[in-house]
Amino acid sequence: MNEQNIFIVRCGEVALKGMNKPYFERMLADRIRGRLKKIYTGAPLEVKRHEGLIFVRTDKSYDSEEIVKEVSKVFGVASISPAVEAETNLDKIGEAAVSYMLKLINERGVKTFKVEAKRADKNFPVKSPDIARIIGAKVLIGCKVLKVNVHNPDVLLFVDVRKDVSYIYDAKVSGFGGLPLGTNGRGMVLMSGGIDSPVAAWMMAKRGMMIEAVHFHSYPYTSERAQEKVEDLAKILAGYCGRFKLHTINLLPIQEQIVSNCPEEETTILVRRFMMRIAEKMAEKTGSYMLVTGENLGQVASQTAEALVVTDAAVKMPVMRPLIAMDKIDIMDKAKEIGTYDTSIMPYEDCCTVFLPKHPVTKPKLEKIIESESKLDVDGLVAAAVESAETINIFPE
Ligand code: ATP
Ligand code: MG
């Protein structure tokens, strides 16, 4: 029965969706299918929903470890287990369990085990603890080297008894949970080359948001290498959320106007308000309707409560700040977990560090900022910046 590789995917929060559950499950199955099809173009592949789980079947020739790795990166996946199947009767399940364990003895030198059984089909006449005992006894007979260890077994063998077909597996590889991409709107991420904004993008995508990104540079003050770093970060993100658009815009003309016409200590907050306005206009053009930043309360002068209020007042679009209440150390841990950290810490200059004021205002007053902006052609500068945007498609590495 096992010329195929079989994987059981558990749906995490998607399973709590009540009436909308089929929609979320369908989206999740689509995302898994899409992800695998990109890697194995043209090869046979089945992704099916069944009784609250998603079953993936692939040709035996597929690399099982790679499939587990890829599927566990799909948002909405709680966990995945490579499994084998058996007809639902205790003899067949026993046979499959024995050959499963023989393989593990061979591959991993397993010496002890314990069986845990679950009866999804309540009509099955044997109760779960009895199924575990019966299958355990069959494994002991079939695999002479094995012993039972109930407290600390080398292998915890799960037997999932379902109506016609039952499943046997031992490993559960955790996914990230969250919700399938595309179930929660579209957002424009303001992405620097720092640690925070890639994590912010990832967190919103994990809640199902389709993302695109805008990056501001100050070329030639910022280098081409700094730009490549942002593209590298975007590629890592694309490994989770698929292809997306990265818009890059030179902010230098605006920065020069600000520096020559406005008070030095307001430079950062004024630049930030321009970034927000440009990002909003870009979003309107491309069908996004939220902005996403990596801002974090109190991290720097431009992220005090007062500064955030003044920043927000530049735009109408809601601004999502998923990192707002996190500690930097936790953001760094998250960046390490998702694989962006090493790229983020590469020392290339950001446009924000160009023209950095010595003493930035930490409690800007909106009226004063608006007065400073009255010396600038805000709309004209924003329109020119939007016009100058260069867009590239970012693909997973
Ligand atoms: P990060 O680590 O993401 O760079 P940060 O702590 O350095 O964040 P700031 O430089 O003040 O903080 O930026 C705050 C947020 O503004 C960033 O998280 C990002 O969303 C946005 N931002 C900053 N610089 C840029 C840029 N060059 N291009 C696009 N967005 C930017
Ligand atoms: Mg930054």
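Remember, it's 1-based here, ligands and their atoms both numbered in the order they're listed.
A donor-acceptor contact shorter than 3.5 Å is absent between the side chain of Thr340 and the backbone of Lys336.
Short contacts between ligand 1 and Ile195, defined as distances under 4.0 Å to a heavy atom of the residue, involve ligand atoms 2 (O). Near Gly194, the atoms of ligand 1 lying under 4.0 angstrom from a non-hydrogen atom of the residue are 1 (P), 2 (O), 4 (O). Applying the 4.0 Å criterion to heavy atoms of Glu295 picks out, from ligand 1, the atoms 14 (C), 15 (C), 18 (O). Below 4.0 Å from some heavy atom of Ser302 lie the following atoms of ligand 1, by number and element: 11 (O). Here is the list of ligand 1 atoms found below 4.0 Å of a heavy atom in Gln299: 5 (P), 6 (O). Annotation for ligand 1: atoms under 4.0 Å from non-hydrogen atoms of Thr293 are 20 (O). If you number the atoms of ligand 1 from 1 as listed, the ones under 4.0 Å from a heavy atom of Val214 come out as 29 (C). Numbered from 1 in the order shown, with element, the atoms of ligand 1 that lie under 4.0 Å from a heavy atom of Gln303 read 9 (P), 11 (O), 12 (O), 13 (O), 14 (C).
Lys92 has no carboxylate O lying under 4.0 Å from a charged side-chain N of Glu87, or vice versa, which leaves the two without a salt bridge. Glu280 and Arg277 are not joined by a salt bridge, as no carboxylate oxygen comes within less than 4.0 angstrom of a charged side-chain nitrogen. Look at Lys365 and Glu371 and you find no salt bridge, because none of the NZ, NE, NH1 or NH2 atoms lies under 4.0 Å from a carboxylate O. Arg162 has a carboxylate O that lies under 4.0 Å from a charged side-chain N of Asp160, or vice versa, which qualifies the two as a salt bridge. Of the charged side-chain nitrogens involved, none lies within less than 4.0 Å of a carboxylate oxygen, so that Lys368 and Glu373 do not count as a salt-bridged pair. Between Glu295 and Arg272 there is a salt bridge, since a side-chain N of the basic residue sits under 4.0 Å from a carboxylate O of the acidic one. Classification of Lys103 and Glu107 as a salt-bridged pair holds, one side-chain N sitting under 4.0 Å from a carboxylate O.
In terms of N/O distances under 3.5 Å, ligand 1 is approached by Leu190. For ligand 1, none of its N or O atoms has an N or O atom of Pro198 under 3.5 Å away. Inclusion of Val300 in the set of residues having an N or O under 3.5 Å from an N or O of ligand 1 is not warranted.
When heavy-atom distances to ligand 1 are checked against a 4.0 Å cut-off, His217 has no atom that comes that close, whether in backbone or side chain. Contacts between Asn296 and ligand 1 below 4.0 angstrom, taking non-hydrogen atoms only, are absent altogether.
For Arg108, the side chain to side chain contact (heavy atoms under 4.5 Å, CB included) partners two or more places apart in sequence, or in a different chain, are Leu104, Val110, Val155, Asp170.
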